[in-house]
Amino acid sequence: MNAFAPGRWWRRVRPGTLRGRLALLALVTTAVWVVLLTCAFNVVLSGRLRAEADDLLRTRAEAAAATVHVGPDRSLTVREPADDRALDTGIWIYQGSRALEQPSATERDRRRADGLAGRGRAFAETTGPAPTRLYALPVLAEGRQVGTVVSAVGLDPYRHTARSALVGSIGLALLLLAGVYLMTRAVVGRALRPVAAMSRQAARWSGHDTDRRFGDTPRPAELGALAGNLDELLDRLAAVLRHERQLSAELSHELRTPLARITAETDWLLARSRDPAQQKAGLEAISAGADRMRTICETLLSDARARTSEAPGRCALGALARDLAARAAHELPAAPPVTVRLTDEESALTAGVSPAVAERILAPLLDNARRYAAGHITLECSARPEGVRVVVADDGPGVPDGAREAVFEPGHRAHPADGHDGAGLGLPLARRLTRAAGGELTLEPAARGARFVVTLPPG
């Protein structure tokens, strides 16, 4: 393989930094324009110098032709001015092909001038170390050419001027390109400095302070968009960390109670003989504990088993609220309907918990509302600066003032004789899950019924 292939060469010389690449791109773009402008300038200058040389030749030829007198017999007579040394320089005067006057010149220029005699208006040019340009001006008598004036000028001064202009323009172009490259690197480096600072800050926050954000501080549009993207990444990272902490905490906490029950029932069965009814009750308790452990594990590990592309620890509460309401209407058609209210756009109602955990938090609240509601249940979702707020309210008998915190204790029931089943574990589990996710579950005072308020971190 050729080591100097264009693609391999570009990969070798391509800078590794964005600043270097942008500076190189500006350099290449400027170089193309500078080369085009330099070529155009030198082409125009060469043409202009040639035009000046031709104008000088015409002027000198016309001045020399003014000294030529045509006689009646069409013979030519040259009238010499008082001081004609400047006029005679590079001037040939011919009658026909015979030279009446000729300057001291090289054999090459003389032959070229002889070739122009009798040819009318024409330009010619000699090549070599000292090139010369010649111009032939016919001398007319009664409309016929009877003689020729040939003027010549050396091209060395013009070509020297053209070369000097070329060298100067190339030098100026190189200085311009160097300045553009250095200035572009400096400007791009200065422009990218806030980006690097924000990246370093986001890296520090992601490792030690996941609650910090860039916020809505006024910035240029590009940096504002970058700050928003970094804040979103930090939100997702914080949600992932909360998700992991929640899994470990809830697995250890929630599995402890049913596991202790299973262990106790097993030890009791093994320690002493029991009648069939007692054995059946113990086995049912063991089965119920194992089933609860299975339910808890499936709930807390559902995201890991699903392996979806959605970032863990994020939930669209608007869609979940509608799904829970529809499910409640299908499972318990006789229960009061659940009315869902979304006070903000659904994109703003994204919580920093997984859908399975959010459902496990809201399901006990809805079960409690369906159990006690008289006519209607409201599920309201709204966005707050600290996160997403969900309110589950009903028009039932409510909770006595002295039992507002007691309802979150395991095994407690506000109305033990209400005829409803339940072990009093739903609300405590919902609060523990909410706090493990970085939120809070409270029971607020209401004119009628119960009003549970869940605050979840943003996603």
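The local environment of CZ in R341 is sparse, with at most 12 non-hydrogen atoms from other residues, nucleotides or ligands closer than 6.0 Å.
Using a 4.5 Å heavy-atom cutoff, the side chains of L349 and T343 are not in contact. Counting heavy atoms from C-beta on, the side chains of V392 and V454 never come closer than 4.5 Å. Contact of the L456 side chain with the L317 side chain is registered, since non-hydrogen atoms from C-beta on lie closer than 4.5 Å. Two residues are said to be in side-chain contact when any heavy atoms from C-beta on lie closer than 4.5 Å; D394 and H376 fail this criterion. Residues L362 and L324 form a side-chain contact, since some pair of their non-hydrogen atoms from C-beta on lies under 4.5 Å apart. Side-chain atoms of L365 and L441, non-hydrogen and from C-beta on, do get closer than 4.5 Å to each other.
Salt-bridge annotation for R133 and D54: present, with a side-chain N of the basic residue lying under 4.0 Å from a carboxylate O of the acidic one. Using a cutoff of 4.0 Å between basic side-chain nitrogens and carboxylate oxygens, D55 and R58 are scored as salt-bridged. The pair D156-R159 fails the salt-bridge criterion, with no side-chain N (NZ, NE, NH1 or NH2) lying under 4.0 Å from an Asp/Glu carboxylate O.
Within the structure, side-chain hydrogen bond (donor to acceptor under 3.5 Å, both in side chains) pairs that include any residue of residues 435-444 comprise R389-E444, R435-E440, E444-R451 (at least two apart or interchain). Residue pairs meeting the side-chain hydrogen bond (donor to acceptor under 3.5 Å, both in side chains) criterion with at least one member in residues 22-49, sequence neighbours excluded: N42-S169.
No donor-acceptor pair under 3.5 Å is formed between the side chain of T132 and the backbone N or O of L155. Here the side chain of S164 pairs a donor or acceptor atom with the backbone of H160 at under 3.5 angstrom.
Here the OG1 atom belonging to T434 is positioned 11.5 Å from the CZ atom belonging to F452, to the nearest 0.5 angstrom. For the atom pair D109 CG and L134 CG, the distance stands at 6.0 Å (nearest 0.5 Å). Atom CG of L166 is separated from atom OG1 of T161 by 12.5 Å, given to the nearest 0.5 angstrom. How far CG of D344 is from CZ of R384: 7.5 Å, rounded to the nearest 0.5 Å. The CD atom of E62 sits 6.0 Å away from atom CG of L137, with the distance rounded to the nearest 0.5 Å. Residue L366 holds its CG atom at 5.5 Å from CG of L379, rounded to the nearest 0.5 Å.
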Would you sort out whether T184 and L27 count as a side chain to side chain contact (heavy atoms under 4.5 Å, CB included), showing the intermediate values? CA-CA 8 Å; T184 303; L27 176 66; over 6 Å; no
Worked check of salt bridge (Lys or Arg N to Asp or Glu O under 4.0 Å) between D323 and R327: CA-CA 6 Å; D323 182 65; R327 200 184 310 170; 2.5 Å; yes
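Residues L320 and C315 share a closest heavy-atom pair of CD2-SG, 3.8 Å. Nearest heavy atom pair, residue A437 against residue P457, reads O-CG, 3.1 Å. The shortest heavy-atom contact between I286 and T266 is CD1-OG1, 3.6 Å. Scanning both residues, A325 and V340, for their nearest heavy atoms gives CB-CG2, 3.7 Å. Across all non-hydrogen atoms, the minimal contact from P129 to R108 is CD-NH1, 4.2 Å. Residue R185 comes nearest to A23 through the heavy atom pair CG-CB, 3.2 Å, listed as atom of the first residue, atom of the second, then distance.
Applying the ring pair (Phe, Tyr, Trp, His ring centres under 6.0 Å) criterion to Y135, with sequence neighbours excluded, gives F123.
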